[in-house]
Amino acid sequence: MMRYLALFFILLSFESMAQTLPDFIPPAGRTKVLETKGDLDKDGIDEVIFVYNSNKRVDRTGFTRELYICKMLSGKLKLWKKNTSVLWNSEDCGFCTDNGVDLSVIIKNNTIITQQTFWHNTRHTSKHKNIYRYQNNDWFLIGSTYKDSYNCGYQHTYDINFSTKQVHVRYDDEDCEDSVQSHPATEKKFKYPFASVPKMDGFIPGRREIKIPNSSQFFYY
């Protein structure tokens, strides 16, 4: 009996959502960059994510980008969430002429994972991986990994779990001639006093600073 009641309330919730969410209409005058599918709310039905370039160009960084999260309800795509902050502009990748703009958006473990790369020069890159999840009736940033890499030099990795407030920092040095580390890797783990789990809206990867305790070092996530 309880199982049927649970199913009834789930169906009722879907019906209510189908009535309140607007139909997804592909934005006019935009260029679709990518499309991906996966289950974000554990209901066994794939959501669909679209990324579009807007028609707003910002200097040399290209067009702003828009992320659309859609549900499939009653056979129709419904717009669940639109975000305009978490994806960099279409050409905002630094010295990347020969490499192209590196953008990945996937759905895994009921979360949205974005990955973007900035080229400081031909050997130095900053890679930002961010994980977003729907919880408490909103979208939040729950994890962030920043890799600062210099070919034949170093790779520094900064990993944050916002739910536990744990930060893990790892420093690696590389000797390209011998293809081995020139110095042993060093690691630091600490808790950071985040006031709250950051929301997806308004978050721009690589703009927020964290100072490492008992050190003059810092990084951006």
- [ ] Indicate, with yes or no, if Phe190 and Val197 share a hydrophobic cluster defined by side-chain heavy-atom contacts under 4.5 Å among Ile, Leu, Val, Met, Phe, Trp and Tyr.
- [x] yes

Open item on the list: Restricting to non-hydrogen atoms, name the atom on Tyr68 and the atom on Pro27 that form the minimum distance, rounded to 0.1 Å.
Closed with: OH-CG, 3.6 Å

- [ ] Work out which heavy atom in Ser85 is nearest to a heavy atom in Pro205; give both atom names and the distance.
- [x] O-CD, 4.1 Å

TODO: Test Thr125 against Asp102 for side-chain contact (heavy atoms from CB on, under 4.5 Å), laying out the working first.
DONE: CA-CA 11 Å; Thr125 59; Asp102 179 27; over 6 Å; no

Open item on the list: Are Tyr158 and Val86 connected into the same hydrophobic cluster when the rule is that any two of I, L, V, M, F, W, Y join if their side-chain heavy atoms are below 4.5 Å apart?
Closed with: yes

Task: Test item: Lys191 side-chain N/O and Lys165 main-chain N/O as donor-acceptor pair under 3.5 Å - done: no

Open item on the list: Against Asn89, only a single residue in Thr61, Thr64, Asp59 fulfils side-chain hydrogen bond (donor to acceptor under 3.5 Å, both in side chains); can you say which?
Closed with: Thr61

Open item on the list: Please find the pair of heavy atoms, one from Phe118 and one from Cys93, that lie closest to each other, and give the distance.
Closed with: CD1-C, 3.5 Å

Task: Heavy-atom pair with the smallest gap, counting every atom of Asn130 and Tyr132 - done: CB-OH, 3.4 Å

Task: Side chains of Thr114 and Trp88 in contact at under 4.5 Å (non-hydrogen atoms) - done: no

Task: Side-chain touch Arg208/Phe203, heavy atoms, less than 4.5 angstrom - done: yes

Task: The single option from His156, His168, His128 passing ring-ring contact (aromatic ring centres under 6.0 Å, His included) against Tyr146 - done: His128

Open item on the list: With a 4.5 Å cut-off on side-chain heavy-atom distances among I, L, V, M, F, W and Y, is there a chain of contacts connecting Tyr52 to Leu79?
Closed with: yes

Task: Check: Gln116 and Asp92 side chains under 4.5 Å, non-hydrogen atoms - done: no

- [ ] Drop me the distance from Glu91's CD to Cys96's SG, to the nearest 0.5 angstrom.
- [x] 8.0 Å

Task: Donor-acceptor under 3.5 Å (Arg170 side chain, Thr157 main chain) - done: no

Task: Trace of the side-chain contact (heavy atoms from CB on, under 4.5 Å) decision for Leu103 with Gln115 - done: CA-CA 6 Å; Leu103 170 67; Gln115 297 188 81; over 6 Å; no

Open item on the list: When you group the ILVMFWY residues by side-chain heavy-atom contacts below 4.5 Å and let the links chain together, are Leu34 and Ile69 in the same group?
Closed with: yes

Open item on the list: Check this for me: Lys127, atom NZ, are more than 12 non-hydrogen atoms of other residues, nucleotides or ligands nearer than 6.0 Å?
Closed with: no

Task: Heavy-atom side-chain contact between Tyr150 and Asn121 under 4.5 Å - done: yes

Task: Rounded distance (nearest 0.5 Å) linking atom CG of Asp148 with atom OG of Ser126 - done: 4.5 Å

Task: Closest heavy-atom pair and its distance - Leu77, Cys70 - done: CD2-CB, 3.9 Å

TODO: Using modelled atom types only, decide if a donor and an acceptor are shared between the side chain of Asn110 and the backbone of Asp39 within a distance under 3.5 Å.
DONE: yes

- [ ] Please answer whether the main-chain N or O of Ile45 pairs with a side-chain N or O of Asp43 as donor and acceptor at a distance below 3.5 Å.
- [x] yes

TODO: Please answer: with hydrophobic residues joined when any side-chain heavy atoms are less than 4.5 Å apart, are Phe63 and Val33 in the same cluster?
DONE: no

Task: Within-4.5 Å side-chain heavy-atom neighbours: Arg133 and Ser163 - done: yes

Open item on the list: Can you confirm if the aromatic rings of Tyr192 and Tyr221 lie within a centre distance of less than 6.0 Å?
Closed with: no

Open item on the list: Return the CZ to CG distance between Arg65 and Leu67, rounded to the nearest 0.5 Å.
Closed with: 11.0 Å

- [ ] Walk me through it: do Lys56 and Glu66 pass the test salt bridge (charged side-chain N to carboxylate O under 4.0 Å, His left out)?
- [x] CA-CA 11 Å; Lys56 179 182 178 181; Glu66 301 166 342; over 6 Å; no

- [ ] Output the distance between atom NZ (Lys71) and atom CG (Leu21), rounded to the nearest 0.5 Å.
- [x] 8.0 Å

Task: Validation row: Asn55, Arg30 side chains within 4.5 angstrom (heavy atoms) - done: yes

Open item on the list: With heavy-atom distances below 4.5 Å as the criterion, would you say the side chains of Lys129 and Ile113 are in contact?
Closed with: yes

Open item on the list: Within this structure, what is the CH2-CD distance for the pair Trp80 and Glu47, rounded to the nearest 0.5 Å?
Closed with: 5.5 Å

Task: Contact check, side chains of Asp41 and Tyr134, non-hydrogen atoms, under 4.5 Å - done: no

Task: Separation between CD1 of Ile49 and CD1 of Ile112, rounded to the nearest 0.5 Å - done: 3.5 Å

Would you mind writing out the side-chain donor-acceptor pairs for residues 213-220 within the sub-3.5 Å range, not counting sequence neighbours?
from, atom 1, to, atom 2, distance (Å)
Ser215, OG, Gln217, N, 2.9
Ser215, OG, Gln217, OE1, 3.4
Gln217, OE1, Tyr171, OH, 3.1
Tyr220, OH, Glu209, OE1, 3.1

Open item on the list: Tell me if the centroids of the rings in Phe24 and Phe50 come within less than 6.0 Å of each other.
Closed with: yes

